[in-house]
Amino acid sequence: MAPTGRRRYCSDACRQAGHRRRHQAPALEPPSLPPRQPRRAATVYACDTCGARALGDQYCSECRTFMRRAGAGGYCPACSEPVAYQELTRD
């Protein structure tokens, strides 16, 4: 339907919809996420061939193959060997 006379809108419903569009709250911006950090430096890798372990290095220098990921971890305070956190918490 077209507006008649001096009306801007064809109906009261269209007039209300136009008012809502003009006066609606501005859209919220999505929250900014912190920058991603690489996890390789805190990941323990284990070689399936020779059993060597490394923290943050995926390549076994002894076997010259790629190692599998054992999980997130760090160096053991007692023996200074790389150990995964989930190995410490196993039941």
Side-chain angles (χ1 to χ4, degrees):
M1 177 163 39
T4 57
R6 293 178 16 174
R7 296 180 75 172
R8 288 182 147 181
Y9 299 97
C10 60
S11 66
D12 289 336
C14 287
R15 181 180 57 80
Q16 288 175 348
H19 182 269
R20 287 188 192 115
R21 272 194 305 269
R22 287 190 310 271
H23 293 91
Q24 68 184 3
L28 296 176
E29 293 182 23
S32 61
L33 298 174
R36 293 192 66 171
Q37 297 178 356
R39 293 184 289 187
R40 186 187 302 174
T43 303
V44 176
Y45 296 94
C47 180
D48 290 330
T49 308
C50 68
R53 292 179 154 250
L55 181 65
D57 191 16
Q58 293 178 318
Y59 192 72
C60 180
S61 59
E62 297 174 19
C63 300
R64 298 178 192 226
T65 58
F66 285 98
M67 298 189 269
R68 67 174 172 77
R69 186 172 70 89
Y75 288 110
C76 175
C79 63
S80 299
E81 290 291 319
V83 63
Y85 294 133
Q86 55 184 270
E87 295 172 346
L88 299 174
T89 59
R90 283 189 187 158
D91 293 333

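Here the structure is a predicted model, which is why all the values come from computation and not from measurement.
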Exercise. What distance separates R15 CZ from C10 SG, expressed to the nearest 0.5 Å?
Worked result: 11.5 Å
Exercise. At what distance, to the nearest 0.5 angstrom, does CG of D48 lie from CZ of F66?
Worked result: 14.0 Å
Problem set entry | Residue R64 excluded, over 12 heavy atoms near CZ under 6.0 Å | no
Of the non-hydrogen atoms in [X] and [Y], which two are nearest, and what is the gap between them?
| X | Y | answer |
| --- | --- | --- |
| L55 | P82 | N-CG, 4.0 Å |
| Y9 | R22 | OH-NH1, 2.9 Å |
| R53 | A84 | NH1-N, 4.2 Å |

Exercise. Does Y59 use its side chain to pair, donor to acceptor, with the backbone of M67 at less than 3.5 Å?
Worked result: no
Given side chains that start at C-beta, do those of [X] and [Y] come closer than 4.5 Å, heavy atoms only?
| X | Y | result |
| --- | --- | --- |
| Q58 | R40 | yes |
| T49 | C60 | no |
| V44 | E81 | no |

Exercise. In the single-linkage hydrophobic clustering (I, L, V, M, F, W, Y; side-chain heavy atoms under 4.5 Å), do Y75 and Y85 co-cluster?
Worked result: no
